[in-house]
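From a predicted model like this one, the values you see are computed outputs, not experimental measurements. Every chain is numbered from 1 and lettered A, B, ... according to where its sequence line falls, protein lines coming before strand lines.
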Amino acid sequence: MSERLQELEDRTRFDPAEAEPRVLARWLDSGLFHAAPEGTAEQNYSIAIPPPNITGSLHMGHALNGSIQDTLIRYHRMSAAGSGSPAPQTKWILGTDHAGIATQAQVEKSLRKQGIDRHELGREEFTRRVWEWREHYGHTIVEQFKRLGASCDYEEERFTLDEDYHRAVVQVFVELYEQGCIYRDRYIVNWDPGTRSAISDLEVEEREETDTLYSIRYDLEGGGSVTIATVRPETLLADTAVAVNPHDERYRDLVGRTAVLPLVGRHLPVIADEYVKSDFGTGQLKVTPAHDPNDFEIGRRHELDQVSVVGEDGHMTAEAGERFAGLTVAAAQKAVVQALREEGRIVAEEPYRHSVPYSHRSGRRIEPLISLQWFMRMDELAAPAIEVVRSGAVRIVPDNHRRVYLEWMENIRPWCLSRQLWWGHRLPVYYCEVCGETHVAAEAPERCPSCGGDVRQDEDVLDTWFSSALWPFATLGWPKDTPELRAFYPTNVLSTARDILFLWVARMIMMGLRFTGRPPFQEVYIHSVIQAPDGRRMSKSLGTGIDPVHEIDKHGADAVRFGLLAMSSSQDVRYSAEKVQQGQALANKLFNATRFALLRIDDLNGNPARPGELASLPRTPTASTVEDRWILSRLRQVIADTAARIESYDFSHAALGLYDFVYAELCDWYLEIVKPRLAAATQTPDLELAATLLYILRATVALAHPIIPFVTEELWSYLRDGQDPDDREGLLAGARWPSVEGLKMDADAEIEMTRLIEAVTILRGWRNSVGARPGLIVAARLRAEGYESTGGALARLGRLELQDGDAGQIDGEAPIASVAIPGGTLEVLAADGLDLAAAEQRRAAAYAKLEGEIARVQGKLANAGFVEKAPADVVAGEREKLERLQGELEAL
RNA sequence: GGGCACGUAGCUCAGUGGGAGAGCGCUCGCUUCACACGCGAGAGGUCGGUGGUUCGAAACCACCCGUGCCCACCA
């Protein structure tokens with residue numbers, strides 16, 4: 001026995017903590033994960049990772065998506081191996097996102113702990129500190145992806161703020177500006193007082209809340225009054241009109257009159273606008289153009305004044321008047337209500353349930369306010385992006401997301417691009433200090449091109465998603481025409497969670513089409529969201545988060561990968577520790593099955609000390625026994641199923657199908673059946689069995705590799721024969737996907753084995769019910785058809801001593817019991833100490849059940865409707881079934 | 001308000017037109033010479049409800065009840 005096998009013999013269980021770091025190191029050293037920029041994207045396979053934030057650490061979503069992508073990548077890398085010369089390349093594009101707001105907030109927080117405010121440092125020093133922070137902490141998540149076994153191209157890690165990347169961003173901005181898509185406007189935006197920046201519509205989260213709806217009376221000049229309703233009385237200070245619906249008969253006379261704003265005394269015109277719903281409240285609406293998006297539109301239509309009373313810091317401005325200036329919005333609300341009450345202007349107060357906007361970033365309540373920002377018109381970019389999805393050039397899986405995408409795109413609105421932050425891509429916009437002209441250019445002008453005056457760059461940075469939108473091509477060197485771009489763009493699939501379908505996926509499609517003329521990927525796979533076991537959202541703040549790295553430490557990366565894939569489905573799922581356990585069990589099972597077989601093969605080989613011997617075994621198994629033919633037939637099936645399931649993103653069935661094959665077919669039946677052959681072979685070498693076993697194990701380990709790469713790689717180091725030219729670096733990660741060529745679908749073997757399995761199961765049940773201990777060998781006589789090749793296995797697995805003899809007696813003895821099995825019966829002869837009463841009970845129950853089934857089938861066949869209308873094969877099937885059941889009944 | 005899902009064994013989920021399944025948990029038995037993270041055998045289900053289509057419905061349709069998610073500018 002070789003030293004390695006000797007060592008294997010002592011390892012009775014697979015220890016991920018010990019093996020995984022070792023395997024990972026070999027992978028990283030091998031260079032196998034690096035894809036050479038050769039060939040075309042049509043030949044190659046590529047995926048661009050959704051770039052994790054540098055602030056992040058691996059959470060369940062990353063772990064699931066990492067498992068999904070790595071399964072795809074490894075499967076395709078293996079499929080490519082040996083498929084041509086040179087083999088197609090498989091690349092998983094890796095990188096991280098600078099994540100403007102999130103990162104800035106994180107670094108600000110850590111500075112604050114040291115008592116430093118970013119404004120003390122100034123912009124340049126602050127961004128320097130962020131870069132420093134990134135050097136220290138920004139790679140955590142990449143290291144964690146390695147723990148998961150993710151086979152990204154680590155040799156080329158991108159970052160959305162790299163110089164090259166920045167050039168791409170600037171070029172896109174400048175072009176879109178020159179084409180008139182990007183413009184600057186004073187517009188009402190979602191202002192986040194927490195980050196003190198504008199944010200986009202998509203970063204706003206609505207929450208249902210109960211507030212007080214106040215009805216407030218405004219006097220009209222010349223007598224009379226109007227009554228408006230509001231949940232935000234403090235914004236009344238910024239009212240510049242009162243509006244009614246033009247078709248509202250009640251208020252026709254009011255239009256054109258003037259209302260007097262309480263507390264302030266401002267004169268407000270009463271205007272007519274279609275927006276006002278006559279049937280809501282009093283049908284009279286206060287108009288606050290500076291603090292409500294709808295009122296802003298009304299204001300534009302009627303050229304109303306804009307009075308801003310809420311400032312960017314979330315406090316009331318000077319325009320709110322002396323009494324309120326400087327108060328927080330909440331305090332101002334109380335003060336305004338108090339003042340109105342004193343004046344007797346509050347007509348009614350009632351609780352009111354409505355949705356309130358909050359910042360997804362800071363958690364603070366959004367203050368709509370007017371601000372000078374950069375925007376991008378989207379309709380022109382959206383049109384082709386709608387078309388590619390509509391036509392199927394880009395396929396969204398599962399396809400119920402397709403409609404959601406299309407509907408959003410069809411109603412797309414301008415995108416607020418600028419953010420009042422320091423960390424990010426600074427806008428390539430320059431203003432002349434002298435003539436005030438705006439210049440948008442890739443290179444900063446030294447002086448104003450118009451008047452020669454000094455220029456200053458816009459202070460703002462771009463929304464992070466603007467740079468993310470370029471990810472699939474900016475990472476490959478665009479706008480230069482690089483070999484990388486030719487080899488890997490467009491990518492094959494984008495795998496991501498649903499929550500960034502609009503934020504990111506839609507924008508990548510738009511930008512990809514606009515700047516490369518092609519969609520950035522052919523398919524979008526939207527994976528599940530993993531919820532906490534109790535169905536709540538997994539989140540740190542709720543305390544419901546489960547740390548995948550911790551789970552990897554505990555159960556191994558294979559277990560976590562298997563578990564997550566097995567959990568995933570087309571909808572959200574709850575985290576299932578049991579599935580991870582199942583994965584761990586599978587890894588261990590496969591390890592032990594291989595270990596067992598290898599140690600026996602060493603014996604079979606007939607020669608203890610020649611490791612090369614295995615290599616000289618026949619490459620293709622010559623299956624001559626029924627169990628060999630059967631397992632190879634099943635192997636063919638599981639290889640084909642697994643491939644089809646991976647390719648159709650059906651990961652849970654890929655994982656569970658693999659589990660079933662390994663557990664049930666390979667271990668419970670095949671290995672159990674061949675054990676006597678293995679035992680016999682210790683005397684006489686059995687190279688045919690050795691070859692078959694090796695063949696099956698190599699194929700099984702290889703087909704499991706995309707899902708559980710670590711344990712399979714470890715096993716490959718024992719199984720590889722060193723002769724395969726495609727066995728790159730001696731690693732399974734570079735070996736080829738098992739072929740179904742040479743594997744036959746063997747229907748006869750499947751029928752025979754199914755019969756055997758059923759018979760053994762029935763027999764074991766019988767033994768259990770009569771209290772036959774495993775050690776007790778029961779003498780029996782087989783009176784059934786179809787066990788010509790499997791009788792030996794039946795005897796061994798059923799712990800029987802099969803005897804020949806005429807029906808009805810042996811040595812003058814009549815059978816003491818009979819057990820119905822497919823194709824006949826098994827007559828049990830003398831056996832002491834069996835609880836035959838229990839067996840009789842069991843038999844009676846089986847009999848009753850059979851009778852019931854027969855009655856049901858007979859009823860069906862007696863039904864004229866069924867016989868006439870059901871398909872012929874179904875009817876024939878029922879007839880056959882009836883016959884079989886009657887035979888079984890007879891036997892009982 | 002509009003849209004998309006989901007409701008199957010104690011738990012988490014498969015199954016989507018012809019004999020109710022898996023993993024875990026539970027019960028019983030087993031140190032059977034790979035694995036006790038193991039092996040074998042069991043118990044456990046009016047497939048949310050009602051009606052319809054069909055020879056036949058867990059599956060298809062309608063409505064109802066319950067749960068979740070997304071989108072949306074009614075103060």
Side-chain angles (χ1 to χ4, degrees), chain A residues 8-9 12-14 206 213 228-232 235 243 275-277 279-288 292-298 352 354-355 368 398 400-401 403-404 407-408 411 498-499 501-502 529 531 533 535 537 555 559 563 566-567 569-579 581-600 652-653 656 659-660 663 667-668 671-672 675 678-679 760-761 764-769 771-775 796-797 799 853 856-857 860 863-871 873-875 877-878 881 885:
Chain A
L8 182 63
E9 191 166 28
T12 56
R13 76 173 48 164
F14 177 66
E206 304 279 341
L213 181 68
I228 57 87
T230 181
V231 287
R232 301 209 50 197
T235 65
Y275 169 77
V276 185
K277 306 271 181 294
D279 55 359
F280 190 93
T282 58
Q284 299 167 336
L285 175 72
K286 79 195 249 311
V287 183
T288 320
D292 183 284
N294 301 307
D295 294 8
F296 179 83
E297 295 296 339
I298 297 173
Y352 186 69
H354 67 142
S355 57
N400 49 320
H401 295 290
R403 237 177 81 184
V404 179
E407 264 164 38
W408 186 78
N411 298 304
R498 194 183 47 228
D499 56 348
L501 183 62
F502 307 139
V529 173
Q531 299 167 335
R537 189 172 273 283
H555 304 283
M567 276 172 236
S569 90
S570 59
Q571 67 240 4
D572 293 353
V573 291
R574 295 174 187 210
Y575 184 78
S576 158
E578 290 79 16
K579 288 281 192 297
Q581 210 88 36
Q582 202 178 344
Q584 192 178 352
L586 174 64
N588 191 55
K589 191 76 173 175
L590 193 56
F591 181 83
N592 271 296
T594 307
R595 169 172 159 270
F596 168 65
L598 279 175
L599 291 167
R600 288 294 172 281
S652 70
H653 289 106
L656 294 170
Y659 177 93
D660 274 345
Y663 257 78
C667 293
D668 290 348
L671 288 182
E672 289 304 324
K675 273 179 181 176
L678 291 168
V760 169
T761 305
R764 283 169 173 168
W766 178 83
R767 288 185 61 106
N768 229 285
S769 69
R773 302 261 147 177
R796 200 184 101 77
L797 298 177
R799 314 211 133 236
E853 275 185 53
R856 213 171 50 76
V857 177
K860 224 171 178 180
N863 181 342
F866 174 73
V867 181
E868 281 162 31
K869 295 189 182 171
D873 58 320
V874 173
V875 178
E878 291 293 318
K881 190 202 292 179
L885 291 174

Mate of B/G38 where both pairing distances stay under 3.5 Å, Watson-Crick or G-U = B/C30

ask   = Over how many whole Å does the gap from A/Glu578 atom CD to B/C24 atom P extend?
value = 9 Å

Opposite nucleotide pairing with B/C60, Watson-Crick or G-U, both atom distances under 3.5 Å = B/G52

query = Which of these nucleotides, B/A5, B/G19, B/G3, is closest to any side-chain atom of A/Arg403?
reply = B/G3

Within 45° cone and under 6.0 Å: A/Lys277 NZ/CZ vs A/Tyr275 ring = yes

message = Distance check, P atoms only: B/C26 and B/G21, in whole angstrom units.
response = 23 Å

ask   = Within 45° of the axis and under 6.0 Å from the centre of the six-membered ring of A/Tyr659, does NZ or CZ of A/Lys579 qualify?
value = no

request  = Evaluate the ring planes of A/His354 and A/Tyr352, with Trp represented by its six-membered ring, and classify them as parallel (under 30°), tilted (30 to 60°) or perpendicular (over 60°).
outcome  = tilted

message = Please report the distance, rounded to the nearest Å, between NZ in A/Lys579 and C1' in B/A22.
response = 7 Å

key: Complementary nucleotide for B/G7 - Watson-Crick or wobble, under 3.5 Å   = B/C65

Between protein and nucleic acid, restricted to nucleotides 14-16 of chain B and to nitrogen or oxygen atoms under 3.5 Å apart, what atom pairs and distances do you find?
{"residue": "B/A14", "atom": "OP1", "partner": "A/Ser569", "partner atom": "OG", "Å": "3.4"}
{"residue": "B/A14", "atom": "O2'", "partner": "A/His653", "partner atom": "NE2", "Å": "2.8"}

Closest-nucleotide ordering on RNA chain B, the 5'-leading residue of A/Glu853 and A/Leu671 = A/Glu853

query = Does A/Gln584 offer a backbone N or O that forms a donor-acceptor pair with the side chain of A/Asn588 under 3.5 Å?
reply = no

request  = Indicate for each nucleotide in nucleotides 67-75 of chain B, in 5' to 3' sequence, whether protein heavy atoms under 4.0 Å reach the base (B), only the sugar-phosphate (S), or nothing (-).
outcome  = --S-S-BBB

note = Taking for A/Asp660 and for A/Ser576 the nucleotide of RNA chain B with the nearest heavy atom, the one nearer the 5' end belongs to A/Ser576

ask   = Do you know the tightest heavy-atom contact between A/Ala593 and A/Leu671?
value = CB-CD1, 3.8 Å

inquiry  = Taking only the P atom of each, what is the distance from B/C65 to B/U50 in whole angstrom?
reply    = 15 Å

query = Is there a donor on the side chain of A/Lys675 or the base of B/A34 sitting less than 3.5 Å from an acceptor on the other?
reply = yes

inquiry  = Taking only the C1' atom of each, what is the distance from B/C39 to B/C47 in whole angstrom?
reply    = 32 Å

ask   = Paired with B/G1 by Watson-Crick or G-U wobble geometry, both distances under 3.5 Å: which nucleotide is it?
value = B/C71

query = Do you know which two heavy atoms are closest between A/Val875 and A/Val867, and how far apart they sit?
reply = CG2-O, 4.1 Å

inquiry  = Considering every strand and a 4.0 Å limit on heavy-atom distances, what is the contact class for A/Pro871: base, sugar-phosphate, or nothing?
reply    = base

request  = Mark up nucleotides 37-45 of chain B, 5' to 3', with B wherever a protein heavy atom is under 4.0 angstrom from a base atom, S wherever such an atom reaches only the sugar-phosphate, and - elsewhere.
outcome  = BSSBSS---

query = Quick one: which of A/Gln581, A/Met567, A/Gln582 gives a side chain to side chain contact (heavy atoms under 4.5 Å, CB included) with A/Ser576?
reply = A/Met567

task = In whole angstrom, give the distance that lies between atom CZ of A/Phe596 and atom P of B/C33.
result = 11 Å

task = Assign A/Ile298 to base, sugar-phosphate, or nothing according to its heavy-atom contacts below 4.0 angstrom with the strands shown.
result = nothing

message = Tell me the interatomic distance from A/Asn592, atom CG, to B/C35, atom P, rounded to whole angstroms.
response = 7 Å

key: Closest non-hydrogen atom pair between A/Val857 and A/Glu878, with its separation   = CG1-O, 3.5 Å

task = May I ask which nucleotide in the shown strands pairs with B/A43, Watson-Crick or G-U wobble, both distances under 3.5 Å?
result = none

